[in-house]
Amino acid sequence: MLDSITHSTFLPNTMVCEPLMSWTELFGTTEDYYPSFDHQPVCNSFWTSVHPEHWSKHDVCEWLQFCCDQYKLDANCISFSHFNINGFQLCSMTQEEFTDAAGVCGEYLYFILQNIMTNDNDKACLRTGGMKSQESHSHGLQSSHLWEFVRDLLLSPEENCGVLEWEDREQGIFRVVKSEALAKMWGQRKRNDRMTYEKLSRALRYYYKTGILERIDRRLVYKFGKNAHGWQENKL
DNA sequence: CCTACTTTTCCTGTTT
DNA sequence: GAAACAGGAAAAGTAG
């Protein structure tokens with residue numbers, strides 16, 4: 001009900017860099033589409049090989065530049081003076097602070113950064129078999145409800161992969177484009193490989209009662225309700 | 001441990 | 001016929 005605006009990690013990140021599941025596992029083999037993987041260059045870059053906490057001021061600056069190019073963000077809406085900081089400081093910025101410093105772009109930047117940190121964490125976990133739980137706590141990364149997961153995916157151009165798509169950005173109407181893929185992603189988040197769209201959608205339907213979602217008569221189309229927050233474009 | 005709340009699982013029936 | 005949608009019920013998971 002009154003969750004703070006804890007933004008979760010996007011999914012454990014699967015497809016960027018070291019996939020936990022193969023594409024075919026994740027999206028099925030019988031699919032007719034092919035991944036539009038023009039988002040991938042995050043891979044193998046400095047940004048994912050060195051934990052953001054260790055970035056220098058210069059690195060942070062470069063990262064902003066990189067994001068603008070890569071994700072087509074308008075550099076003009078970024079107040080670079082707010083980002084004259086090192087990686088450690090960057091990591092401790094809240095989503096609100098990102099928004100203050102760069103508006104909508106800030107929101108994306110925040111998500112991109114969270115994403116990188118999550119990847120890092122996951123990789124470390126895989127190698128060492130368990131990382132200090134501190135890191136995952138520092139940004140409320142572990143807590144995500146289904147609707148927040150969906151919201152974050154919608155706000156995350158680099159993770160989305162066309163699984164979800166805005167139908168009407170202003171009204172918060174969106175469409176599930178690849179239902180089973182979404183279910184797999186959610187399942188991976190919850191470490192539940194038995195998740196299906198059938199079951200996920202049941203959970204979504206419960207949101208109608210609580211006003212997190214509003215009913216839309218079209219198949220695979222949902223709308224954020226009055227009790228959902230954090231999806232609007234200009235509002236924090 | 002208890003409670004409240006969310007999500008998962010399963011199911012039967014309906015609609016597209 | 002295949003996918004989705006609808007909800008009821010109950011079990012399981014989680015936060016506090």
Side-chain angles (χ1 to χ4, degrees), chain A residues 1-14 20-21 23-36 94-96 111 114 117-118 121-122 125 129-156 159-168 171-232:
Chain A
M1 308 284 149
L2 28 102
D3 326 42
S4 51
I5 314 200
T6 48
H7 270 291
S8 41
T9 61
F10 294 98
L11 66 164
N13 286 321
T14 52
L20 299 174
M21 300 175 77
W23 184 267
T24 47
E25 273 176 291
L26 192 57
F27 294 95
T29 47
T30 60
E31 289 310 333
D32 34 336
Y33 62 86
Y34 236 75
S36 52
T94 63
Q95 192 195 353
E96 289 69 36
F111 288 131
Q114 295 307 312
M117 292 198 285
T118 310
N121 239 349
D122 284 351
C125 285
M131 185 117 189
K132 42 233 164 177
S133 55
Q134 218 181 8
E135 273 186 72
S136 35
H137 281 179
S138 54
H139 297 280
L141 294 180
Q142 278 316 51
S143 72
S144 176
H145 288 154
L146 174 57
W147 74 271
E148 294 173 305
F149 172 78
V150 167
R151 173 197 61 191
D152 295 348
L153 220 41
L154 277 161
L155 296 175
S156 166
E159 270 309 322
N160 197 314
C161 292
V163 164
L164 291 170
E165 185 173 283
W166 287 111
E167 192 99 313
D168 186 321
Q171 294 194 68
I173 300 174
F174 60 93
R175 187 156 41 96
V176 177
V177 182
K178 306 183 199 314
S179 58
E180 285 310 313
L182 177 66
K184 289 274 170 54
M185 286 170 158
W186 175 236
Q188 203 168 290
R189 162 61 72 83
K190 298 291 290 291
R191 298 173 190 287
N192 174 1
D193 53 348
R194 298 174 310 284
M195 183 49 58
T196 62
Y197 179 70
E198 183 79 32
K199 293 186 280 191
L200 182 153
S201 63
R202 180 67 189 95
L204 289 179
R205 288 196 291 277
Y206 273 127
Y207 287 139
Y208 294 145
K209 278 204 301 191
T210 55
I212 297 291
L213 292 180
E214 277 175 39
R215 185 162 257 141
I216 291 293
D217 65 331
R218 281 174 297 153
R219 299 187 126 199
L220 298 168
V221 178
Y222 299 85
K223 178 183 194 300
F224 286 117
K226 56 179 71 70
N227 292 327
H229 59 255
W231 56 268
Q232 289 106 131

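Each chain gets a letter, A, B and so on, in the order the sequences are listed, and its residues count up from 1.
Annotation: cation-pi pair Arg151(A)/Phe149(A) absent, no NZ/CZ under 6.0 Å from the ring centroid and within 45° of its normal.
As a whole-Å value, the separation of Tyr197(A) OH from dA2(C) C1' is 15 Å. As rounded to whole Å, 18 Å separates atom P of dG13(C) from atom CZ of Arg189(A). Following rounding to the nearest Å, Leu204(A) (CG) and dT6(B) (C1') show an atom-to-atom distance of 12 Å. One interatomic measurement links the two molecules: CG of Leu182(A) to P of dA4(C), which rounds to 11 Å at whole-angstrom precision.
You'll find the ring centres of Phe224(A) and Phe174(A) inside the 6.0 Å limit.
Residue Lys209(A) holds its NZ atom at 11.0 Å from CZ of Arg215(A), rounded to the nearest 0.5 Å.
Between Ser179(A) and Arg215(A), the one whose closest nucleotide on DNA chain C sits nearer the 5' end is Ser179(A).
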Summary of protein contacts for nucleotides 7-16 of chain B, nucleotide by nucleotide, where a base hit scores B, a sugar-phosphate-only hit scores S (4.0 Å, heavy atoms): BBB-----BB
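In this structure, Trp186(A) and Leu146(A) have side chains that are in contact, with non-hydrogen atoms separated by less than 4.5 Å. Trp147(A) has its side chain out of reach of Tyr222(A): every pair of non-hydrogen atoms, C-beta onward, lies at least 4.5 Å apart.
Between dG7(C) and Tyr208(A), no contact under 4.0 Å exists linking OP1 or OP2 to a side-chain N or O. Close to dA6(C), at under 4.0 Å from its OP1 or OP2, lies no side-chain N or O of Ser201(A).
A 3.5 Å limit on both hydrogen-bonding distances identifies dT9(B) as the Watson-Crick or G-U partner of dA9(C).
Electrostatic pairing of Arg218(A) and Glu167(A) counts as a salt bridge here, judged by a charged N lying under 4.0 Å from a carboxylate O.
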